[in-house]
Amino acid sequence: MNEKNMALAEGLVSARYIKQATDARRKREGLVTTLLSQRRLPKEGWDDNQIQLLLRDLALMDSNNFVDNVGVGEREGRVYSRLVEARYSGMTHGVGRSGDLTAEQ
């Protein structure tokens with residue numbers, strides 16, 4: 001959650017709990033920042049939650065997963081089973097015709 005939503009959540013749970021949750025979230029975000037800035041795997045491995053958080057965040061950057069977006073192209077991700085979607089962390093978009101994994105779609 002972003003800072004605004006965390007502040008709004010204080011109406012549901014104590015401010016102390018929100019501070020702890022915010023600190024924990026910042027620590028996880030810091031691990032991603034370090035990964036992206038250093039462009040190498042960390043010396044100390046990540047726990048499953050950290051890996052899943054990164055994969056989900058990356059998947060949400062895919063136009064297939066934008067809110068209110070319906071893709072109809074030939075490479076748009078379509079998943080029948082939620083189990084399959086979970087297995088691939090929501091990353092279902094196809095690779096471009098060039099085969100370049102880094103090319104924008």
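Salt bridge present: D23 and K19 bring a charged side-chain N and a carboxylate O closer than 4.0 Å.
Between P42 and L35 the shortest side-chain heavy-atom distance falls below 4.5 Å. In this structure the side chain of V32 reaches within 4.5 angstrom of the side chain of W46, judged on heavy atoms.
Cluster membership for M61 and I51, using ILVMFWY side-chain heavy atoms within less than 4.5 angstrom, is shared. Note on L36 and L54: same hydrophobic cluster, where clusters join Ile, Leu, Val, Met, Phe, Trp and Tyr whose side-chain heavy atoms are under 4.5 Å apart, directly or indirectly.
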Q. Yes or no on salt bridge (Lys or Arg N to Asp or Glu O under 4.0 Å) for E3 and R26, after CA distance, side-chain angles and deciding distance?
A. CA-CA 10 Å; E3 298 293 327; R26 283 188 184 137; 2.9 Å; yes
Q | salt bridge (Lys or Arg N to Asp or Glu O under 4.0 Å) assessment of D47 paired with R28 | A | CA-CA 10 Å; D47 64 25; R28 289 195 180 277; 3.1 Å; yes
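For the atom pair CZ (R56) and CG (N49), the distance works out to 8.5 Å, reported to the nearest 0.5 Å. One distance of note links CG of L53 with CG of L58; it measures 9.5 Å at 0.5 Å rounding. Taking CZ of R40 as the start and OG1 of T34 as the end, the distance is 12.0 Å to the nearest 0.5 Å.
No donor-acceptor pair closer than 3.5 Å links the side chain of E10 to the backbone N or O of I18.
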